[in-house]
Number of protein chains: 2
Amino acid sequence: MAMRAAQTAARPLPEATLRRLPLYLRALVEASGERLLMLSSEELAARAGVNAAQVRKDLSQLGSYGTRGVGYDTELLRQQINRQLGLNREHNVAVIGAGNLGQALGNYRGFSERGFNVVAAFDTDPDKFGSRLGTAVVYPLSELARVVREKKITMALITTPAQVAQDIADRLVAAGVSSVLNFAPAVLTVAPHVSVRKVDLAVELQILGYYEHLRANHTAAPRATTIN
Amino acid sequence: MAMRAAQTAARPLPEATLRRLPLYLRALVEASGERLLMLSSEELAARAGVNAAQVRKDLSQLGSYGTRGVGYDTELLRQQINRQLGLNREHNVAVIGAGNLGQALGNYRGFSERGFNVVAAFDTDPDKFGSRLGTAVVYPLSELARVVREKKITMALITTPAQVAQDIADRLVAAGVSSVLNFAPAVLTVAPHVSVRKVDLAVELQILGYYEHLRANHTAAPRATTIN
DNA sequence: CCATGTGAAAGCGTTCACAGCG
DNA sequence: CGCTGTGAACGCTTTCACATGG
């Protein structure tokens with residue numbers, strides 16, 4: 001039972017694949033709950049809402065964990081995806097800005113479920129200092145550097161107004177944070193060893209709105225997009 | 001001054017372009033604030049955090065609104081993007097599920113700023129009925145069909161637990177909603193004339209986590225992704 | 001003369017179709 | 001025999017490089 005495989009990541013997974021792995025994970029957990037030990041790419045695809053060929057391509061990137069003529073071992077595959085995503089590893093996360101969005105993110109269960117622990121929040125409003133935001137406590141922004149170091153925070157979610165986002169990012173990086181997820185409508189520039197990604201909550205709504213707009217004018221094109 | 005142009009949409013814009021138009025919009029508004037009447041693709045690209053060639057390709061999809069040898073008229077371009085996105089049109093939006101996420105989305109200013117008005121929220125918890133969620137009131141879920149019709153709601157944000165998401169989607173569609181943005185971890189199936197899109201808030205964090213994981217193991221690859 | 005607008009090239013991602021293996 | 005794993009085809013996106021025109 002020499003369980004060792006290729007230890008970790010062969011080479012970086014394509015982002016498109018990375019983006020779908022959580023879907024498969026969910027489908028696998030669901031299948032596990034139904035006592036299904038094996039799953040074909042066809043079944044997995046149906047549960048995840050994607051194409052079966054895509055499932056096979058994606059999974060083949062992780063290695064050969066399927067059995068020809070049979071399918072994928074639910075449990076084994078789940079473990080492999082978890083390992084590849086580094087989902088065992090726990091990440092300490094800070095939320096900067098304890099407004100509506102910050103509060104929602106701090107309380108969001110989807111994060112802790114996947115090993116992202118929000119261990120601190122920061123704001124400039126003294127009324128908020130010491131209050132709770134999920135499991136985290138709200139600190140004054142001035143404590144940022146100290147708390148980031150003490151709590152070994154490596155990732156941060158920026159939910160501040162756009163004007164201060166770059167300044168916050170600079171301070172986070174200076175304090176040792178290496179991954180930033182930016183919800184503020186601003187373009188951030190950081191040192192090359194830091195990863196930054198942006199989320200615009202309104203973009204998807206806007207795309208939906210565009211298609212509604214199309215349907216309304218151009219009565220000819222129903223053009224329904226069903227993306228899961 | 002016959003201001004009439006191509007009236008509306010020539011043909012559907014590619015999604016990749018659609019996704020960046022808001023970035024340009026933001027950059028243009030910013031530039032307007034600085035009294036800049038003209039902007040080159042180079043300057044616009046810098047402000048939006050993308051490549052200049054991409055800006056030109058994207059903008060050329062909307063028509064020829066630039067002047068060779070000069071650049072783009074800030075104000076004109078802003079209007080054209082707004083028109084193309086159907087951003088004048090107002091959309092009535094419902095939020096289903098008044099939990100953390102639902103509350104944050106209901107209060108999110110980014111929506112109303114772009115013409116998406118959250119005019120109703122729904123939940124099954126009687127304690128929440130009648131309470132406020134941004135400008136909207138929380139209704140019992142049983143009132144869904146009536147309120148959707150009365151308030152002419154065409155778009156809905158699903159922030160419920162996964163198990164009920166499909167049922168909610170069915171009821172929304174039956175009541176006349178034509179666009180659904182799904183935040184629940186479930187695959188939704190709807191009639192072909194309805195658009196569904198999915199948002200997974202944890203995906204971007206997961207991708208960041210993956211790169212951290214890579215950097216940690218494979219000490220060789222710094223691999224910083226800076227996506228704006 | 002200079003920046004737009006655009007064909008053409010290069011790069012990714014998805015889908016197809018089937019060889020290969022359990 | 002059936003399903004995985006994968007080369008090859010296809011389509012979409014990005015980038016390049018330059019002809020075009022104000």
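The chains referred to below are lettered A, B, ... by the order of the sequence lines, with proteins before strands, and numbering in each begins at 1. All values reported here derive from a predicted model rather than from experimental measurement.
Near DNA chain C, meaning a heavy atom under 4.0 Å away, the residues from residues 35-46 of chain B are B/Ser40, B/Ser41.
Going from atom CG of B/Leu13 over to atom P of D/dT13 covers 11 Å, rounded to whole Å. Per the geometry, CG belonging to A/Asn51 stands 15 Å off P belonging to D/dG11, to the nearest Å. A straight line from CG of B/Asp58 to P of C/dT6 spans 13 Å, rounded to a whole angstrom. Rounded to an integer number of Å, the gap from B/Arg19 CZ to D/dC12 C1' is 14 Å. Residue A/Gln80 contributes atom CD, which lies 12 Å from atom P of D/dG5 at whole-angstrom precision. Remark: P of C/dT6 and OH of B/Tyr65 are 13 Å apart, rounded to the nearest angstrom. Computed from coordinates, the B/Leu18 CG to D/dT13 C1' distance equals 14 Å when rounded to whole Å. Here the P atom of nucleotide D/dG11 and the CD atom of B/Glu15 are 18 Å apart, to the nearest Å.
In this structure, B/Arg19 pairs ionically with B/Glu15, as a charged nitrogen and a carboxylate oxygen lie closer than 4.0 Å. Looking at B/Glu42 and B/Arg47, no side-chain N of the basic residue comes within less than 4.0 Å of a carboxylate O on the acidic one, giving no salt bridge.
Looking at heavy-atom distances under 4.0 Å, A/Arg20 makes contact with sugar-phosphate atoms alone, never a base. Looking at heavy-atom distances under 4.0 Å, B/Thr17 makes no contact with the nucleic acid at all. Using a 4.0 Å heavy-atom cutoff across all strands shown, A/Ala53 reaches at least one base atom of the nucleic acid.
With hydrogens and angles disregarded, a donor-acceptor distance shorter than 3.5 Å links the side chain of A/Tyr210 to the backbone of B/Leu13. Side chain of A/Thr154 to backbone of A/Val177: no donor-acceptor contact under 3.5 angstrom is found.
Take the nearest nucleotide of DNA chain C for B/Ser64 and for A/Gln54: the residue whose nucleotide is more 5' is B/Ser64.
Taking side-chain N and O atoms only, B/Thr67 has no distance below 4.0 Å to OP1 or OP2 of C/dT4. In this model, the phosphate group of D/dG22 is not approached by any side-chain N or O of B/Tyr72 to a distance below 4.0 Å at OP1 or OP2.
At a cut-off of 3.5 angstrom, counting only N and O atoms as typed in the model, there is no donor on one side facing an acceptor on the other between the side-chain of B/Lys57 and the base of D/dT13.
Comparing atom distances between the B/Arg56 side chain and each of C/dC16, C/dG5, D/dT6 picks out C/dG5 as nearest. The side chain of B/Arg68 lies closest to C/dG5 when the candidates are D/dT4, C/dG13, C/dG5.
Residues A/Val118 and A/Leu105 have side chains not in contact (no heavy-atom distance under 4.5 Å, counting atoms from C-beta outward). Here the side chains of B/Leu44 and B/Leu59 are in contact, with some heavy-atom distance below 4.5 Å.
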Point to revise | Test log, rule side chain to side chain contact (heavy atoms under 4.5 Å, CB included), inputs B/Phe111 and B/Val93 | key: CA-CA 10 Å; B/Phe111 292 155; B/Val93 178; over 6 Å; no

